[in-house]
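Okay, structure first, notes after.
Numbering of ligands and ligand atoms starts at 1, following listing order. Sequential numbering from 1 along the given sequence is applied to the chain's residues.
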Amino acid sequence: MNNVDYSQLKIPTHVGIIVDGNGRWAKERGLPRIKGHDAGFENLKQLSLYILKRGVKVLSLYVFSTENFKRAEEEVGHLMGLFVRLYKKNLSLFMDNNIKVVFSGRDEPLPKSVIEARDELVEATKNNTGGIVNFCMNYGGRAEIMDAVRKIAHSGVDVDTMTDEDFRHYLYQDLPDIDLMIRTSGELRLSNFLLWQNSYAEFYFPKTKFPDFHEADFDQAIIEYTSRDRRFGGIKNS
Ligand code: IPE
Ligand code: IPE
Ligand code: MG
C-alpha cells in the first residue's frame, strides 16, 4: 500500500478503465506491439486487486472493443491467447481475493477457447462477494444499447412506462453507473465504452501508458476525483 491517507478521500463505487497505450509502450522500447499487451495484462492483475482493496466495488476494464477485430490477425490472435491465459491461470487469484468476475460484450466472433475460459471463470466466481471485475471484451457501447433495445422489443414489455432504471436491467450487466472513468495514454475519447453507464462519470485522462499505470497513479486519480464537485445537474455542493 502506498502512502496516501484513503480515509480522507472519496471512493468511487464503480471505476472504468480504458486500457490504452500498450502498443505505443512497446514501440517506445523498440518491441513488437504484442509485448506491450503482455506487459499491460501483467499490470492488470495487480492493479485490479489494489483498486478493489481500496474500496471500489465494481471495476470495468475495457480490454477489447468490437472495433479491435479490425487489427492485424497476429495481434488479435495474440490478445485472444492472452485472454485465455488470464482467465484460466488466475482462478486462484480471483478466488483468494473473493472477486466475482463478469463480462460484457458479444460472443460473435470470439474464438471458442475464449468463450469457454470466460464461462468457466464466471461460473467459478459467481458467489464471491469481495468486489466485481467486469471485463468488457468484444464490447461496444452502441452494440450494448442495440442489444438491449432488441431484448426489450422481443420481450413485449410496456415501453411507455419504462424508466431509465428499468432499461438498465436489459444491458449486458446490471451494474451501477460509472463514477470515475480513466483512460490511460493521453487519448481523449470514449471509443464506444459504456455509453449508457458513463452519462455522469468523472473523466480522468493520464498520459501514462497502461503498462506503466500503477498503484500510485491510481492514487492520483482518486485524489483528483475527490476534488471534483459532482452536481448531476443540480446546484453547487460546497
Ligand atoms: C490497448 O492498447 C489494448 C487493447 C486494445 C487491447 P493499444 O493496443 O490500443 O495501444 P496503442 O493505443 O496502440 O498504443
Ligand atoms: C479502445 O482503445 C479499446 C480498448 C482499449 C480495448 P483503442 O486503442 O482501440 O481506441 P482508438 O482506436 O484509439 O479510439
Ligand atoms: Mg489504443
Side-chain angles (χ1 to χ4, degrees), residues 14-48 51 58-90 101-111 113-115 117-118 121 133-146 171-173 175 178 180-198 201 203-214 217-218 221:
H14 188 173
V15 171
I17 302 183
I18 302 179
V19 169
D20 200 14
N22 292 351
R24 279 163 284 160
W25 181 92
K27 195 169 175 217
E28 270 168 11
R29 287 159 179 77
L31 298 168
R33 292 178 57 83
I34 56 172
K35 292 289 174 200
H37 295 313
D38 293 347
F41 276 67
E42 206 39 54
N43 187 41
L44 203 56
K45 289 186 262 175
Q46 278 319 105
L47 186 69
S48 302
I51 291 173
V58 186
L59 175 63
S60 285
L61 297 167
Y62 201 12
V63 291
F64 198 88
S65 69
T66 46
E67 292 77 20
N68 287 147
F69 276 109
K70 292 180 197 159
R71 295 189 182 192
E73 219 177 289
E74 191 210 356
E75 183 174 347
V76 171
H78 188 81
L79 281 162
M80 294 300 143
L82 277 179
F83 294 139
V84 173
R85 279 200 293 286
L86 176 71
Y87 307 148
K88 283 204 165 175
K89 281 205 175 153
N90 294 291
V101 180
V102 298
F103 284 84
S104 295
R106 286 183 175 164
D107 284 3
E108 284 296 315
L110 288 172
S113 56
V114 174
I115 292 181
R118 176 196 72 183
L121 185 58
V133 172
N134 172 35
F135 283 107
C136 300
M137 177 181 67
N138 192 22
Y139 175 85
R142 287 190 178 173
E144 179 174 36
I145 293 170
M146 287 301 300
L171 296 170
Y172 294 137
Q173 299 293 336
L175 297 170
I178 299 256
L180 172 63
M181 208 290 294
I182 300 171
R183 180 175 190 149
T184 54
S185 86
E187 303 294 355
L188 308 178
R189 55 178 171 268
L190 268 178
S191 300
N192 207 9
F193 186 46
L194 296 176
L195 298 180
W196 177 274
Q197 300 85 339
N198 266 312
F203 290 86
Y204 184 70
F205 294 111
K207 292 221 161 36
T208 317
K209 296 172 187 72
F210 188 75
D212 287 333
F213 188 84
H214 302 308
D217 303 287
F218 180 74

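Ring pair Y139/F103: centre-to-centre distance not below 6.0 Å. The six-membered or imidazole ring of F135 lies near that of Y87, with a centre-to-centre distance under 6.0 Å.
The main-chain N or O of V76 is never found under 3.5 Å from a side-chain atom of N68 such that the two would form a donor-acceptor pair. Judged by distance alone, with hydrogens and angles left aside, the side-chain atoms of N43 form a donor-acceptor pair with the main-chain N or O of F213 at under 3.5 Å. The backbone N or O of Y172 sits less than 3.5 Å from a side-chain atom of E144, completing a donor-acceptor pair. Looking at T184, its side chain never comes within 3.5 Å of a backbone N or O of V19 through a donor-acceptor pair.
Protein atoms of type N/O/S that fall under 2.8 Å from the Mg ion (ligand 3) number 1 in this view.
With salt bridges taken as basic N to acidic carboxylate O contacts below 4.0 Å, one links R189 and E187.
Applying the side-chain hydrogen bond (donor to acceptor under 3.5 Å, both in side chains) rule to pairs touching residues 73-82 yields R33-E75, H37-E75, D38-H78, R71-E75, sequence neighbours excluded.
Set against the non-hydrogen atoms of R189, the atoms of ligand 2 under 4.0 Å away are 11 (P), 13 (O), 14 (O).
Near ligand 1, residues V19, D20, G21, N22, G23, R24, R33, H37, V63, N68, R71, E75, L79 each place a heavy atom inside the 4.0 Å sphere around the ligand atoms.
With a 4.0 Å heavy-atom cut-off, ligand 2 is reached by no atom of K70.
The number of heavy-atom neighbours closer than 6.0 Å to NZ of K45, taken from other residues, nucleotides and ligands shown, is above 12.
Taking N192 as the reference, Y62, T66, E67, R142, L195 meet the side chain to side chain contact (heavy atoms under 4.5 Å, CB included) condition, with sequence neighbours excluded.
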